[in-house]
Amino acid sequence: LPPVPQPRRMWAGGRLTFDRALTVGDEITRVSRIADVSVKDGRSGRLVFVCVRHEIADARGVALTEEHDIVYRDNPPATPAGVAAAVPQAAPAGDEYSRAIAPDPVLLFRYSALTFNGHRIHYDRSYVTGVEGYPGLIVHGPLIATLLVDLLRRQLPGASLRRFQFKAVRPIFDIHRFVVCGAPQPDGHAVRLWIRDHQGALAMDATALVA
């Protein structure tokens, strides 16, 4: 990854396209490249967005394409007295299916181990609260996205996932429950999926295309 000076790294979103299924026993190759780097200035300071593209191929060619967006940011400045924090976006209403999730340190540690993720914000409480200033352990963006796809699998077990895209809107911490939600769209192929946090705010927004 590029030598970005901003110290805080978070997963901002991603897009996956499934051209065909891989089979157990296949020999596969993954090629990864940096697709884009952009710099923006936001309320909390400078943001650097890095898009990484992965292509997973077997003997017949590319079977799965993934792009993931990583955002790097400065440590948050002190909020001046009298300045109100940004108002969170309310989660959508009208979910047709949902499931409550109670994150805990064991779940986060196991997902970190599964994905070879050594970032301390997911398992070191003294670091994440004392150094990075968060109220609790941060639930991985990909874990939240995985739980959204799991909700889809539970509700539509016969469906074939063709494309999945998600965007992180608000961080989720292990100190509160959250709800994974979904609702099929009128076209019959798209399903909107989202995360509602303990305050009723939208934490992640996603769309799945199924066949």
Side-chain angles (χ1 to χ4, degrees), residues 1-19 22 28-57 61-77 85-86 88-89 103 108-124 127-149 161-174 178 193-195 197 201-209:
L1 293 173
V4 178
Q6 279 69 24
R8 305 173 82 191
R9 184 188 80 227
M10 298 187 72
W11 196 296
R15 294 157 298 283
L16 297 100
T17 301
F18 303 89
D19 293 321
L22 296 170
I28 63 173
T29 302
R30 187 180 78 170
V31 176
S32 302
R33 60 176 60 88
I34 297 173
D36 185 64
V37 178
S38 60
V39 180
K40 299 179 182 179
D41 291 314
R43 288 171 54 98
S44 59
R46 176 150 293 184
L47 305 173
V48 179
F49 291 88
V50 178
C51 176
V52 183
R53 180 181 176 89
H54 306 284
E55 293 180 343
I56 296 177
V62 175
L64 167 63
T65 303
E66 176 186 11
E67 289 184 342
H68 69 254
D69 303 321
I70 304 169
V71 59
Y72 295 84
R73 57 194 304 181
D74 293 316
N75 288 321
Q89 179 181 349
L108 272 57
F109 178 81
R110 292 177 68 183
Y111 194 83
S112 289
L114 178 68
T115 57
F116 299 94
N117 185 345
H119 202 344
R120 293 167 66 185
I121 60 175
H122 303 303
Y123 64 85
D124 189 335
Y127 169 80
V128 75
T129 57
V131 177
E132 299 232 8
Y134 291 110
L137 297 175
I138 298 176
V139 182
H140 315 63
L143 172 55
I144 298 172
T146 300
L147 291 169
L148 288 174
V149 174
L161 183 60
R162 296 303 187 191
R163 183 171 172 81
F164 178 67
Q165 61 184 35
F166 63 97
K167 179 181 179 181
V169 179
R170 181 177 169 88
I172 291 288
F173 304 100
D174 74 323
F178 61 92
L193 301 158
W194 66 92
I195 298 293
D197 73 7
L202 177 66
M204 181 174 284
D205 202 3
T207 301
L209 297 180

Mind checking what makes side-chain hydrogen bond (donor to acceptor under 3.5 Å, both in side chains) contact with Arg15, not counting sequence neighbours?
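side-chain hydrogen bond (donor to acceptor under 3.5 Å, both in side chains) check on Arg15 returns Glu67, Asp69.
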
With sequence neighbours left out, write down each residue that passes side-chain hydrogen bond (donor to acceptor under 3.5 Å, both in side chains) with His140, or none if nothing qualifies.
Ser112

Within this structure, what is the [atom1]-[atom2] distance for the pair [X] and [Y], rounded to the nearest 0.5 Å?
X	Y	atom1	atom2	result
Glu55	Thr65	CD	OG1	5.0 Å
Asp19	Arg163	CG	CZ	10.5 Å
Ile138	Leu143	CD1	CG	13.0 Å
Phe166	Leu148	CZ	CG	9.0 Å
Trp194	Gln89	CH2	CD	12.0 Å
Met10	Tyr134	CE	OH	4.5 Å

Check: Asp174 side chain, Leu137 main-chain N or O, donor-acceptor pair, under 3.5 Å:
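Yes, the answer is positive, given that a donor and an acceptor are paired below the 3.5 Å cut-off.
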
For residues [X] and [Y], report the shortest heavy-atom separation together with the two atoms involved.
X	Y	value
Val128	Gly136	CG1-O, 3.5 Å
Met204	Ile144	SD-CG2, 3.7 Å
Arg53	Ala35	CB-CB, 4.2 Å
Ala208	Leu161	CB-CD1, 3.8 Å
Pro2	Val50	CG-CG2, 4.0 Å
Val169	Asp205	CG2-N, 4.4 Å

Applying side-chain contact (heavy atoms from CB on, under 4.5 Å), run through Val52 and His54 and close with a yes or a no.
CA-CA 7 Å; Val52 183; His54 306 284; 3.7 Å; yes

Below 30° counts as parallel, above 60° as perpendicular, anything between as tilted: where do the rings of Tyr123 and Phe109 land?
perpendicular

Does Arg46 reach the side chain of Asp41, with side-chain heavy atoms less than 4.5 Å apart?
yes

In this structure, are over 12 heavy atoms from other groups packed under 6.0 Å from Tyr127 atom OH?
yes

Begin from the C-alpha positions of Phe178 and Leu147 and carry the test side-chain contact (heavy atoms from CB on, under 4.5 Å) through to its verdict.
CA-CA 11 Å; Phe178 61 92; Leu147 291 169; 3.9 Å; yes

My understanding is that only one of Leu193, Thr207, Thr17 makes a side-chain contact (heavy atoms from CB on, under 4.5 Å) with Phe164; could you say which?
Leu193

